[in-house]
Amino acid sequence: EVVFVTAYSDYAIQAFEMNALDYLLKPVSRERLEKTLSKISKVQAKEKMVPAPKVKVECFGGFRVSLPGGERISWRTKKTEELFAMFINYFPKELSRDRIIDTLWPEMETDKAVVHFNTTLYNLKKVFNNYGIKDLIENHYNRYRVQEGKVACDLWEFERSYDPGFLVTEQNFREILDALTMQYGAALFEGYYYGWISDKQNYIEDLYHGLMMNVIQHLKSSGDRAKAIQLLYQAIERDPINEALHRELIRLYQQEGDRITAAKVLHSYQKKLKNMLGDEVETELDWMLE
């Protein structure tokens with residue numbers, strides 16, 4: 001903070017136009033100096049209360065990492081990106097060096113794999129160090145994870161906000177609806193095919209569809225079937241062969257008296273199953289139109 005201390009009073013206006021904190025005229029009394037120091041202390045206290053900018057990590061609809069200013073991170077290698085994605089996926093768990101090596105370089109000889117790990121970890125740290133973000137990766141006796149206070153992640157926020165015990169109520173379902181359609185509308189790590197992400201993807205999809213079905217029930221009870229149908233199509237786009245979603249969609253069209261569209265939904269579902277499994281598959285939905 002800048003404080004002018006001068007024998008001249010003529011420049012006070014210019015000083016404050018330059019965002020000076022204070023302007024002291026000589027000779028400066030002890031009482032006047034203490035007031036200035038108090039101003040400085042208050043400003044510094046406010047600055048400490050403002051949280052430091054965080055690295056932004058988006059996992060829904062892909063995997064995007066941005067600096068506090070908005071610039072997207074450019075990864076030196078695919079393995080560098082994958083290593084950071086692992087840290088994000090498994091947080092708050094620490095990952096041992098051995099587990100990381102077994103996951104990323106499973107068929108490589110141990111000594112060579114250790115060299116690749118060290119190089120990849122170095123490249124990861126360097127990416128952020130080059131942008132002034134220090135110590136983003138914590139290391140405790142060869143166990144690693146990212147520092148939570150330096151990262152804002154949509155996956156972490158989703159898990160914190162919507163654990164399996166979360167209840168959709170009349171008061172919050174509109175807020176949940178907006179979150180499911182906007183912030184979390186795309187699949188987790190969409191377009192990324194790392195073998196180690198399937199468990200988390202399945203877990204998040206189960207939470208997502210459970211929340212979606214609860215929101216749909218609230219929409220149905222309020223008479224907004226059109227919005228409920230729209231949401232079901234969105235959920236089916238994420239999970240094209242989910243039988244429960246198709247069942248609910250068929251039931252809604254039947255309640256609307258639209259048996260033709262209900263039949264089209266069933267036939268579309270049967271076609272998708274046949275394309276995936278290669279044979280005609282009978283499901284519980286077959287009996288819904290009889």
task: Go through the steps to decide whether E34 and K39 satisfy the test salt bridge (charged side-chain N to carboxylate O under 4.0 Å, His left out), and finish with yes or no.
output: CA-CA 9 Å; E34 286 177 347; K39 284 185 180 181; over 6 Å; no

message: With a 4.5 Å cut-off on side-chain heavy-atom distances among I, L, V, M, F, W and Y, is there a chain of contacts connecting Y131 to I137?
response: yes

- prompt: What heavy-atom pair brings Q201 and L188 nearest, and what distance separates the two atoms?
  reply: NE2-O, 3.0 Å

task: State, with a plain yes or no, whether a side-chain heavy atom of I176 is found less than 4.5 Å away from one of H218.
output: no

query: What distance do M108 atom CE and D102 atom CG have between them, rounded to the nearest 0.5 Å?
result: 12.5 Å

Interatomic distance, R225 atom CZ to E256 atom CD [nearest 0.5 angstrom]: 5.0 Å

message: Tell me whether the count of non-hydrogen atoms from other residues, nucleotides or ligands lying under 6.0 Å of NZ in K112 goes above 12.
response: no

V55 vs I73 side-chain heavy atoms within contact, under 4.5 Å: no

message: For F4 and L24: C-alpha separation, side-chain torsions, deciding distance, then whether side-chain contact (heavy atoms from CB on, under 4.5 Å) applies.
response: CA-CA 6 Å; F4 281 75; L24 299 181; over 6 Å; no

message: With side-chain contact (heavy atoms from CB on, under 4.5 Å) as the criterion, how do I40 and V3 come out once you've worked through the C-alpha distance, each side chain's angles and the decisive distance to 0.1 Å?
response: CA-CA 9 Å; I40 294 173; V3 175; 4.3 Å; yes

message: Is it the case that the side chain of N172 and the backbone of L167 share a donor-acceptor pair, with hydrogens and angles ignored and the cut-off at 3.5 Å?
response: yes

query: Between F158 and F60, is the gap from one ring center to the other below 6.0 Å?
result: yes

task: Working to the nearest 0.5 Å, report the span between CG of L245 and CG of L232.
output: 6.5 Å

- prompt: Is the F91 ring parallel, tilted or perpendicular to the W156 ring (thresholds 30°, 60°)?
  reply: parallel

query: Does the pair E138/K150 count as a salt bridge with the N-to-O cut at 4.0 Å?
result: no

Close side-chain approach of Y23 and T6, heavy atoms under 4.5 Å: yes

task: Rounded to the nearest 0.5 Å, what's the gap from OG1 on T120 to CD1 on I100? Could you check?
output: 10.0 Å

query: Got a second to check how far K42's NZ is from L37's CG, nearest 0.5 Å?
result: 12.5 Å

- request: Looking only at non-hydrogen atoms, find the nearest pair between I216 and A228 and report the distance.
  value: CG2-CB, 3.9 Å

message: When you compare the side chain of N129 with that of K134, does any pair of heavy atoms fall below 4.5 Å?
response: yes

task: Kindly give the heavy-atom pair with the smallest separation between M212 and A235, and that separation in Å.
output: CG-CB, 4.2 Å

task: Kindly give the heavy-atom pair with the smallest separation between S161 and F166, and that separation in Å.
output: O-CD1, 3.3 Å

- line: Residues pairing under salt bridge (Lys or Arg N to Asp or Glu O under 4.0 Å) where one sits in residues 152-161, two or more places apart or in two chains, turn out to be E148-R160, E157-R160, E159-K200

query: Should the heavy atoms of other residues, nucleotides or ligands under 6.0 Å from CZ of R76 be counted, would the total exceed 12?
result: no

message: Less than 6.0 angstrom from the centroid, inside 45 degrees of the normal: does R259 satisfy that with respect to the ring of Y253?
response: no

- request: Ignoring hydrogens and angles, state whether a donor on the side chain of K272 or H246 is under 3.5 Å from an acceptor on the partner side chain.
  value: yes

- request: Verify the distance criterion only: is there a donor paired with an acceptor across the side chains of W196 and E82 at less than 3.5 Å?
  value: yes

message: Would you say the ring centers of F63 and Y194 fall short of 6.0 Å from each other?
response: no

message: Quick one, V151 with L136, criterion side-chain contact (heavy atoms from CB on, under 4.5 Å). Give me CA distance, side-chain angles, the key distance, then yes/no.
response: CA-CA 8 Å; V151 174; L136 185 65; 3.8 Å; yes

task: Write down the atom of V28, the atom of R32, and the distance for their closest heavy-atom approach.
output: CG1-CB, 4.4 Å

query: Is there side-chain contact between R143 and L95, with at least one heavy-atom pair below 4.5 Å?
result: no

message: Using the rule given for side-chain contact (heavy atoms from CB on, under 4.5 Å), can you reason through Q183 versus D178, listing the C-alpha separation, both sets of side-chain angles and the distance that settles it, and then say yes or no?
response: CA-CA 8 Å; Q183 188 175 1; D178 289 342; over 6 Å; no

message: What I'd like to find out is whether the side chain of Y233 reaches to under 4.5 Å of the side chain of I229, using heavy atoms alone.
response: yes

- request: Please state whether the rings of F117 and W105 are parallel, tilted or perpendicular, taking 30° and 60° as the class boundaries.
  value: perpendicular

message: Do Y11 and Y8 have side chains that approach each other closer than 4.5 Å (heavy atoms only, starting at C-beta)?
response: yes

- prompt: If we ignore angles and hydrogens, is there a donor and acceptor under 3.5 Å between the side chains of Y141 and N139?
  reply: no

- request: Could you walk me through whether F128 and F84 pass ring pair (Phe, Tyr, Trp, His ring centres under 6.0 Å), step by step?
  value: CA-CA 11 Å; F128 293 103; F84 190 64; 5.2 Å; yes

- prompt: If every non-hydrogen atom of A186 is compared with every non-hydrogen atom of E190, which pair is closest and at what distance?
  reply: CB-OE1, 4.0 Å

query: Crowded around D111 CG? As in, over 12 foreign heavy atoms under 6.0 Å?
result: no

- line: To the nearest 0.5 Å, atom CD of E94 lies from atom CZ of F87 at 10.0 Å

- prompt: In this structure, are over 12 heavy atoms from other groups packed under 6.0 Å from Y122 atom OH?
  reply: no

Main-chain N/O of S198 paired to N202 side chain as donor or acceptor, under 3.5 Å: yes

Distance-only donor-acceptor check, side chains S41 and S38, under 3.5 Å: no

query: Does V168 reach the side chain of Y162, with side-chain heavy atoms less than 4.5 Å apart?
result: no

- prompt: Between Q147 (side chain) and D135 (backbone), is there a donor-acceptor pair under 3.5 Å?
  reply: yes

